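Working notes for the structure below.
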Amino acid sequence: PLAQGTTVLDRLTSIAVDRSQPGQLRALAIEALATLPTRTIRPVLDRLKDDSSPDVRAALLRQGAVTEDPVADLEEASDGWLPRDPHALLQLVARAADSAPLSTLHRLIERVRSKESEGRKNQRKDWLAVRGALHLALAQRGSRVALYDLRESLERAEEPLPADFLQALTLIGDPASLEPVAAAFVQAAAMPDAEAWRR
């Protein structure tokens, strides 16, 4: 069964990326691949982002792999319509965080934090990475609107946070964050593989 599954995955992937195949057939292959875990299909979706086929683009839009208006999509996500794939939201943040309203980014931090707590364990780190990217985006624009969440994240960290959290804190340079930084440093002593986090 495993060998058959690998054969099917290879065949679907080859159809999806083959520009000589009909667009509708490629779109169906993308839809079938989208039922697999994100980490499995992410390289295929990334490879197809610049594809010129309207059918392929429509399939990618449905999967959240590409978007026509990233700021509008961030606004929609901040209103509670988060993509099911944290990587899709991370890409939206990378594309549109510098032009999205600060209030949108702040609302997204709250939505993503909720998603972290209710999501599957294997996706929590991915959602945490999205929240870190949002904090960094706000800090790069000089906003302190989510500073409370940033400090609280440091204080409550049970494992090393993504580097974006510390970079955001460095950019903001808030003296009130010294205590949470110290708390995170002390807690890191009990974390496995946390030497880089402590540095």
Side-chain angles (χ1 to χ4, degrees), residues 1-101 104-105 107-138 140 161-164:
L2 182 59
Q4 288 177 332
T6 303
T7 302
V8 170
L9 176 61
D10 289 344
R11 183 70 183 126
L12 285 171
T13 300
S14 65
I15 292 170
V17 300
D18 184 353
R19 293 175 191 236
S20 69
Q21 295 287 340
Q24 288 180 333
L25 178 62
R26 297 175 66 206
L28 288 171
I30 292 166
E31 299 286 347
L33 288 168
T35 62
L36 298 170
T38 302
R39 286 187 176 90
T40 304
I41 63 163
R42 173 62 40 204
V44 178
L45 298 180
D46 288 344
R47 186 172 166 187
L48 292 169
K49 280 184 182 170
D50 297 325
D51 200 280
S52 58
S53 165
D55 293 312
V56 169
R57 294 227 19 110
L60 293 173
L61 280 167
R62 286 192 295 275
Q63 300 310 318
V66 297
T67 182
E68 298 298 336
D69 185 352
V71 173
D73 287 348
L74 276 182
E75 295 263 1
E76 188 174 280
S78 75
D79 288 334
W81 298 96
L82 290 176
R84 65 184 177 134
D85 178 6
H87 295 286
L89 184 55
L90 194 58
Q91 290 170 354
L92 278 176
V93 171
R95 289 180 62 194
D98 58 345
S99 53
T104 296
L105 300 179
R107 281 196 314 272
L108 266 173
I109 285 175
E110 295 168 0
R111 302 275 188 235
V112 169
R113 187 175 188 145
S114 294
K115 193 75 170 175
E116 283 172 51
S117 62
E118 69 190 33
R120 295 192 309 268
K121 188 173 182 179
N122 63 342
Q123 280 199 327
R124 284 184 193 153
K125 282 190 176 182
D126 295 333
W127 287 112
L128 184 64
V130 174
R131 191 158 55 95
L134 287 162
H135 274 295
L136 181 57
L138 284 168
Q140 287 171 332
L161 295 174
D164 285 350

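These numbers come from a predicted model, not from an experiment.
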(Q) For Arg26 and Asp18: C-alpha separation, side-chain torsions, deciding distance, then whether salt bridge (Lys or Arg N to Asp or Glu O under 4.0 Å) applies. (A) CA-CA 8 Å; Arg26 297 175 66 206; Asp18 184 353; over 6 Å; no

Q | Between CG on residue Leu108 and CG on residue Leu82, distance to nearest 0.5 Å | A | 6.5 Å

Q: Indicate the atoms forming the closest heavy-atom contact of Ala129 with Leu90, along with that distance.
A: O-CD1, 4.0 Å

Q) Any side-chain heavy atom of Val44 within less than 4.5 Å of one from Leu12? A) no

Q | Glu116 and its side chain to side chain donor-acceptor pair (under 3.5 Å) partner, picked from Arg111, Arg131, Arg124 | A | Arg131

Q. Got a second to check how far Gln123's CD is from Leu128's CG, nearest 0.5 Å?
A. 13.0 Å

Q: List the atom of Ile41, the atom of Leu33, and the distance in Å for their closest heavy-atom pair.
A: CG2-O, 3.1 Å

Q) Closest heavy-atom contact between Ala100 and Leu105? A) CB-CD2, 4.2 Å

Q. Rounded to the nearest 0.5 Å, how far apart are OG1 of Thr104 and CD of Glu75?
A. 3.5 Å

Q | Leu89 versus Ala77, closest heavy-atom pair with distance | A | CD1-CB, 4.2 Å

Q: Flag the pair Ile30 / Leu45 as yes when at least one side-chain heavy-atom distance between them is below 4.5 Å, and no otherwise.
A: yes

Q.
If you count every heavy atom of other residues, nucleotides or ligands that lies below 6.0 Å from Glu31 atom CD, does the total exceed 12?
A. yes

Q: Decide yes or no for Ser14 and Gln21: does some side-chain heavy atom of the first lie under 4.5 Å from some side-chain heavy atom of the second?
A: no

Q | Over all atoms of both residues, closest heavy-atom pair of Leu48 and Val17 | A | CD2-CA, 3.9 Å

Q. Which one of Glu118, Lys115, Arg113 satisfies the side chain to side chain contact (heavy atoms under 4.5 Å, CB included) criterion with Trp127?
A. Lys115

(Q) Using every non-hydrogen atom in the two residues, find where Asp164 and Gly132 come nearest and quote the distance to one decimal. (A) CB-O, 3.3 Å

